[in-house]
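I have placed the structure first, in the form of structure tokens, so that the comments after it can refer back to it.
Convention: sequence-line order gives letters A, B, ...; per-chain numbering from 1.
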2 protein chains.
Amino acid sequence: MKLPTLSLHHHHHLTTPFLHNAATVSLSRSTRVSNGSPFAVRMSLKEDGPSVAIVGVTGAVGQEFLSVLSDRDFPYRSLKLLASKRSAGKKVNYENRDYTVEELTESSFDDVDIALFSAGGSISKKFGPIAVDKGTIVVDNSSAFRMDDGIPLVIPEVNPEAMEGIKLKSGKGALIANPNCSTIICLMAATPLHRRAKVSRMVVSTYQAASGAGAAAMEELELQTREYAFNLFSHNAPVLSNGYNEEEMKLNNKSVKVTATCIRVPVMRAHAESVNLQFETPLDEDTAREILRNAPGVVVIDDRAANHFPTPLEVSNKDDVAVGRIRQDVSQDGNYGLDIFVCGDQIRKGAALNAVQIAELLL
Amino acid sequence: MKLPTLSLHHHHHLTTPFLHNAATVSLSRSTRVSNGSPFAVRMSLKEDGPSVAIVGVTGAVGQEFLSVLSDRDFPYRSLKLLASKRSAGKKVNYENRDYTVEELTESSFDDVDIALFSAGGSISKKFGPIAVDKGTIVVDNSSAFRMDDGIPLVIPEVNPEAMEGIKLKSGKGALIANPNCSTIICLMAATPLHRRAKVSRMVVSTYQAASGAGAAAMEELELQTREYAFNLFSHNAPVLSNGYNEEEMKLNNKSVKVTATCIRVPVMRAHAESVNLQFETPLDEDTAREILRNAPGVVVIDDRAANHFPTPLEVSNKDDVAVGRIRQDVSQDGNYGLDIFVCGDQIRKGAALNAVQIAELLL
Ligand SMILES: NC(=O)c1ccc[n+]([C@@H]2O[C@H](COP(=O)([O-])OP(=O)(O)OC[C@H]3O[C@@H](n4cnc5c(N)ncnc54)[C@H](OP(=O)(O)O)[C@@H]3O)[C@@H](O)[C@H]2O)c1
Ligand SMILES: NC(=O)c1ccc[n+]([C@@H]2O[C@H](COP(=O)([O-])OP(=O)(O)OC[C@H]3O[C@@H](n4cnc5c(N)ncnc54)[C@H](OP(=O)(O)O)[C@@H]3O)[C@@H](O)[C@H]2O)c1
């Protein structure tokens, strides 16, 4: 499996303006603007911006796309909202303009510069190449293209260089894939440490939110019905012949040995991951904490005295991935091991935000 | 830290009658008898049985003691129910007899053969030695004596030989400690594998139920208030200077290197643990599954096709520890690694049941 990050060339500092270094005191918040007020008109609608389409706009990730684009003042000349026939005709007021959701068809991508896809793998497989043929640059949230060798799999903080050849207004369409949400959240923390001390093996156990399984699962949790009634269970992805489920295999990596156990917990939003790291060269916990404090898109919450560490609730609707419980692994000699606990909003950094950051690299 | 199990002499088969081999099809259930019916009179009240006291009988574990003693027809000549002044005078109908909860005092242990303690560490520290002086054998559920070298720490399926010197009616009192609940649940699965292939290192991530933190936490979860509102958090035990919390350090072991991350999840009852094992000699997953199927007190739930694996809900109120997701660790070469997922009722096998099994070894 081809994943970005750990197997990539080291790329120490990103200078793109949208990648800030997170402060350790507060997580970066999305500043939402009330659309009702005339004083709140966003400046994102810009004549020289790209034309943008959102495929799957009515879904959990699709809705988050709208919110992230607005929060980040992503410039766009026009916006096309696409979903299935079921939702076609629905009215959406967005940044003080009225839009109508259109049915996704083969002609949806005429004059679309950037298409953000989040309508599931089969839609991506069918309509992704159609869009590319029209000259559209597709950023895809599904697993459809993640394993294709010609298609970059990008986390902007980790491997922006992977999409260097792809340019807006070149007349040439292209596909860029968003990694799996658990992978993004894990690698946001692991990559800065890997750059310093080379991770040789990772043992990951996840605590994944219901919202990762879509709107229906969120509703089920809200009602405390069936599996979600104060219970947890092995991830719903199919189990392969080697005993790992597909979600766990997505955490695999060419250059680093990874074993993962993915579990769904009765949490509404944001994934948590317990990550044990083995390094090739020594790395003490103070250096690790310092590296993570300086890592873009990462915030350190690690107050042992107050027992204050990352929780899903605290990172919900936040951009940054939070890391805490940073400690020397007592089961490994020397400074060759660390345990960390990571939380990230998988709809935001694990999906919509990461895709919009990719789109920003195109501007 | 001194823990039983992995560091102990191998003890392959237990022949004590109450340690059955669990069937793989169903977990052993507690068969409860309605106390109201005259036909349901239990036979546990026996003239030649020991006199038994329960310290902390009104608590979560204390209540479970009553239920386990009844389920297992534990013979007793007399029963003394002890708690704090607050609960003294409360009436309890148990196995068709009326009892009154008494206040725990220094004279509570006159003529008590076995005392089951679950009233917290400070009560154990104070009253445990007093009981021993009176000739009582104390089985303690708190952490008070777990690290004392002279006091056996026992899981009956793992190291019953540790309490060999302790005998009822010898006139000599003694202390026996119950290991921490997460430790018991983990070792029920890890020990049978360790006996075959010697575990050299374990990476454990827990998913711990609210009930592990007592009745108040259960109520909080029920109300979905504060921390428990669809959230999870690092275990509430104090964090030590090495960054591990006390709960995590309890999983440590003299002979095996262990690193643990302990997390509380919004689950009512029963703990889950994701356990990565490294072995000194090769062990393939089929052999491991077979070993676990034959392990006393363990049930294997490992249906990949149906995605059916252990869940807290399924093991709640059950005696057996359930193991599933048994698979070769892809991050380790050869057959030197396994990942497993374990669930167990921490009030039952993690506390009351284990203590009663210890008491049964005295009979
Ligand atoms: N949820 C997450 O945390 C997360 C994280 C990372 C990646 N992803 C990926 O993002 C994708 C969407 O996930 P989600 O959670 O947002 O799912 P969701 O809430 O179920 O939304 C699905 C979206 O796809 C649209 N759709 C379905 N069939 C369609 C069709 N035939 N033509 C056009 N649109 C169609 C739906 O539109 P209608 O309203 O018309 O049905 C809806 O907008 C999936 O590939 C998922 O794996 C999700
Ligand atoms: N819950 C678990 O899953 C679990 C698992 C393994 C081990 N343990 C251990 O078991 C112990 C009890 O846990 P729990 O969850 O059952 O707690 P709990 O529900 O809070 O019950 C505490 C019990 O201790 C009694 N008690 C308190 N102060 C006392 C005093 N001064 N004198 C006599 N009795 C007193 C209480 O009686 P009143 O009604 O009079 O207050 C009550 O019966 C703890 O050491 C805990 O670490 C618990």
Open item on the list: Ring-plane angle category for Phe341(A) and Tyr207(A), please: parallel below 30°, perpendicular beyond 60°, tilted otherwise.
Closed with: perpendicular
Task: Test log, rule side-chain contact (heavy atoms from CB on, under 4.5 Å), inputs Val275(B) and Cys186(B) - done: CA-CA 8 Å; Val275(B) 181; Cys186(B) 177; 4.2 Å; yes
Task: Top of Gln332(A), Arg201(A), Glu285(A), Met268(A) for chain B proximity - count of heavy-atom pairs under 4.5 angstrom - done: Arg201(A)
- [ ] Without swapping roles, check the side chain of Ser143(B) against the backbone of Gly121(B) for a donor-acceptor pair under 3.5 Å.
- [x] no
- [ ] Tell me, out of Thr311(A), Ile326(A), Thr259(A), who's got the most heavy-atom pairs with chain B below 4.5 Å.
- [x] Thr259(A)
Task: Heavy-atom contact with chain B under 4.5 Å, split by part of Ala260(A) - done: backbone
Task: Engaged part of Asp329(B) at the chain A interface, taking heavy atoms whose separation is under 4.5 Å - done: both
Task: Pick from Thr261(B), Val203(B), Asn245(B), Asp302(B) with the largest number of heavy-atom pairs that fall under 4.5 Å of chain A - done: Thr261(B)
Task: Under 4.5 Å from a heavy atom of chain B, the part of Glu273(A) involved - done: neither
Task: Where Val330(B) and Tyr244(A) come nearest, the two heavy atoms and their spacing - done: N-OH, 2.9 Å
Open item on the list: Could you check, using the six-membered ring where one of them is a Trp, whether Phe233(A) and Phe309(B) have ring centers closer than 6.0 angstrom?
Closed with: no
TODO: Flag the one option from Ser241(A), Ala272(A), Pro312(A) with the top tally of heavy-atom pairs under 4.5 Å to chain B.
DONE: Pro312(A)
Task: Considering all heavy atoms, the nearest Leu292(A)-Val298(A) contact - done: O-CG1, 3.6 Å
Open item on the list: Heavy-atom cut-off 4.5 Å, strictly under: side chain, backbone, both or neither for His308(B) against chain A?
Closed with: neither
Task: Atom group of Asp303(B) that falls short of 4.5 Å from chain A, counting heavy atoms - done: neither
Open item on the list: Between Arg269(B) and Ser316(B), is there a side-chain donor-acceptor contact under 3.5 Å, judged purely by atom types and distance?
Closed with: no
TODO: Pick whichever of Arg304(B), Lys257(B), Arg327(B) has the most heavy-atom pairs under 4.5 Å with chain A.
DONE: Arg327(B)
Open item on the list: With a 4.5 angstrom heavy-atom cut-off, is it the side chain or the backbone of Ala237(A) that approaches chain B, or both, or neither?
Closed with: backbone
Open item on the list: Heavy-atom cut-off 4.5 Å, strictly under: side chain, backbone, both or neither for Asp339(B) against chain A?
Closed with: side chain
Open item on the list: When you measure from the side chain of Asn180(A) to the backbone of Lys250(A), do you find a donor-acceptor pair of N or O atoms at a distance under 3.5 Å?
Closed with: no
